[in-house]
Amino acid sequence: MSAELWNSAVRVLDKNWAGDHMVPSRRLYPHQWSWDAAFIAVGLCYVNPSRAWRDLRSLFEAQWPDGRVPHIVFDPHTAEGDYFPGPVFWDVPAYGGRRPRGSTALVQPPLHAVAAWEVYRRAMSHGAAAVREAHAALEWLYPRLVAQQDYLTGHRDAGGAGLASIVHPWESGLDNSPAWDAAMSAVPADLTLLQKYHRRDLDVADAAHRPTDVDYARYLGLVLSYRDGGYADAHLARDHDFVVECPNFNAILGAAEIALAQIAGVLGADPQVHRARAQRITTAIVDRLYDARSRTFRVLDVRTGAHSPARCISGLVPLILPDLPAYYADDIMTEARSARFGLPQQTDLPAPSYDRTAADFDTLRYWRGPVWINVNWLLRRGMLQHGYRDEAEDLRTAMVRLVHRSGEYEYFHPMTGEGIGEPAFSWTAALSLDLLADRSIPAYARAA
Ligand code: 2M8
């Protein structure tokens, strides 16, 4: 089973390589996506470390002067009509010597420092030239990764407590998760936008799997209002309609500082500053995103100060923080094992993206129920960090079994395991390689 899955995952990554970057999938996502590149690098490095570095480099070459790393870098060879909203809709001006309309203006979870560290620590098994390549790549990336963190904890600290706010559900990576429903209900839905603009996702994917028109109208409206303000971040909490702090996004922000501490150590820079930042982020996540009544981590609406009522997989991801006190790690594991996320008797599947017991649990609509490999990969990493080795191994085998049985799909039906969304999806393929290869307890488990 391992060799078969390994070979087919490698074939997916070969097919999706576009010369200097990887596309998430050929049909639905024909450009480069930010956090996809990080997940992809984690697995691609086993078979082609040079491509893993090239992919990360292509992404960071599109970094804005203010430090933001765009959530999509547009491929100039892809036609405008092949993805919506494309370059013309975003209308990003030229910056840093790059052509205009080269990217979006949103961000995604900053997993790239974690990915860079993973690719670096695997370089050893590829020989001396790969180690030299990895060292040079870290030197190039390090200041850019730091600038990314500074942007997120500076410009995006709309809540004033040292966490990053996201200004659009697309920034979360968990696009139409029920975690946003409460905050999104206050965002105007101008349905005439859908007469003006054509939703290309519905040409290539089943409407029952994709966000509703009302949600999509809100997505477009949020981009247009951010665009009208020149994509500036001043006064977000006052002027922007959607400003939230997400436990998944901020846990990755904290994990990035731990990875930066490791990278700084290799480069002779100061790791301590990153460890201190990681600690501050963990403390702020606990202070602001932990709901003591339900003993879960929730999304915080910065504008209203309210926690989202939805229990989503994003609330489990703070487990990746090594400094998270055991009390909270235990609570996350209780939630993970519960009927909401746990492996129910009738299935042997990884955790769904949303509470299985919720009335609006949706087995098909993406991020509102289906199983995703990337967030389960994060959850497993967290289990290893905090010593839940048996559960981590069960989750690893559940993921490998699922992808082997159903194929490298974008996501999976949470009851049957059937593959849904895009086939030949890059991060599912890449993370399968990592899950097949890496059974170790990560060396980064505790910041020294
Ligand atoms: C999905 O998001 C894009 C918009 O960015 C879309 O729905 O068109 C999400 O699953 C996101 O996490 C992912 O990065 C992207 C590409 O795989 O697709």
Side-chain angles (χ1 to χ4, degrees), residues 9 13 16-18 20-25 29 31-63 67-73 103-104 106-123 134 137-138 140-142 144-149 151-152 164 166 170-175 246 248-260 262-263 314 317 320-321 372-382 410 425-435 438 442 444:
L13 295 175
N16 289 349
W17 182 248
D20 62 0
H21 68 279
M22 189 75 79
V23 293
S25 75
Y29 306 115
H31 296 286
Q32 184 184 38
W33 262 258
S34 170
W35 81 326
D36 296 59
F39 289 119
I40 289 162
V42 165
L44 184 55
C45 68
Y46 289 97
V47 290
N48 198 329
S50 299
R51 280 191 181 174
W53 290 124
R54 179 65 251 179
D55 201 28
L56 289 173
R57 189 179 176 114
S58 293
L59 178 70
F60 278 80
E61 281 172 351
Q63 185 170 34
R68 87 181 78 185
V69 175
H71 104 288
I72 305 175
V73 180
S103 75
T104 66
L106 299 179
V107 296
Q108 270 187 331
L111 191 68
H112 315 90
V114 170
W117 180 247
E118 291 297 315
V119 184
Y120 175 80
R121 72 188 191 94
R122 305 265 173 236
L138 283 191
W140 188 86
L141 275 170
Y142 176 69
R144 291 165 172 85
L145 292 165
V146 171
Q148 178 184 31
Q149 295 292 107
Y151 169 76
L152 294 171
I166 56 172
W170 286 336
E171 293 200 314
S172 69
L174 321 174
D175 294 19
C246 169
N248 174 64
F249 194 107
N250 282 290
I252 290 174
L253 184 76
E257 292 293 349
I258 301 285
L260 284 171
Q262 306 281 5
I263 295 171
S314 47
V317 179
I320 63 172
L321 294 163
W372 293 75
I373 294 298
N374 65 333
V375 279
N376 275 284
W377 181 88
L378 290 169
L379 184 57
R380 170 186 179 252
R381 186 179 168 100
E410 186 181 6
F425 191 68
S426 293
W427 81 37
T428 305
L431 294 176
S432 298
L433 294 181
D434 186 58
L435 292 168
D438 176 18
Y444 44 75

When rounded to the nearest 0.5 Å, the distance separating CZ of Arg380 from CG of Asn376 is 11.5 Å
request  = Without swapping roles, check the side chain of Ser432 against the backbone of Ala9 for a donor-acceptor pair under 3.5 Å.
outcome  = no
Quick test of your reading of the model: are Arg381 and Glu118 salt-bridged, counting only N-O distances below 4.0 Å?
yes
For Trp17 and Val23, what are the C-alpha separation, side-chain angles and deciding distance, and is it a side chain to side chain contact (heavy atoms under 4.5 Å, CB included)? CA-CA 7 Å; Trp17 182 248; Val23 293; over 6 Å; no
I'd like to know if Arg54 and Glu61 make a salt bridge, using a cut-off of under 4.0 Å between side-chain N and carboxylate O.
yes
| task | Could you give me the CA-CA distance, side-chain angles and deciding distance for Val114 and Ile252, then say whether side chain to side chain contact (heavy atoms under 4.5 Å, CB included) is met? | result | CA-CA 9 Å; Val114 170; Ile252 290 174; 5.8 Å; no
salt_bridge(Asp434, Arg122) N-O dist < 4.0 Å: yes
Do Thr104 side-chain atoms and His71 backbone N/O form a donor-acceptor pair below 3.5 Å? yes
Margin query: Is it the case that the side chains of Asp55 and Gln32 hold a donor-acceptor pair, with the cut-off being a distance below 3.5 Å and no angle test?
Written below: yes
Check: Glu171/Gln108 side-chain N/O donor and acceptor closer than 3.5 Å = no
Taking C-beta and beyond as the side chain, do Trp427 and Trp377 meet within less than 4.5 Å on heavy atoms?
no
Here the gap from Trp33 atom CH2 to Ile72 atom CD1, rounded to the nearest 0.5 Å, amounts to 4.0 Å
Rounding to 0.5 Å, atoms CZ (Phe60) and CZ (Arg144) come to a distance of 9.5 Å
Under 3.5 Å, is there a donor-acceptor pair linking the side chains of Ser34 and His112?
-> yes
key: side chain to side chain contact (heavy atoms under 4.5 Å, CB included) evaluation trace for Leu260 with Gln149   = CA-CA 10 Å; Leu260 284 171; Gln149 295 292 107; 3.7 Å; yes
Assert yes or no for the condition that the ring centre distance of Trp140 to Trp53 is strictly below 6.0 Å. no
**Asked** Do the side chain of Asn250 and the main chain of Leu253 share a donor and acceptor less than 3.5 angstrom apart?
**Response** no
When you compare the side chains of Gln63 and Tyr151, does any donor N or O come within less than 3.5 Å of an acceptor on the partner? no
Here the gap from Asn48 atom CG to Leu433 atom CG, rounded to the nearest 0.5 Å, amounts to 11.5 Å
OG (Ser426) and CG (Asn374) are apart, to the nearest 0.5 Å, by 12.5 Å
Separation between CD1 (Ile40) and CG (Leu59), nearest 0.5 Å, reads 10.5 Å
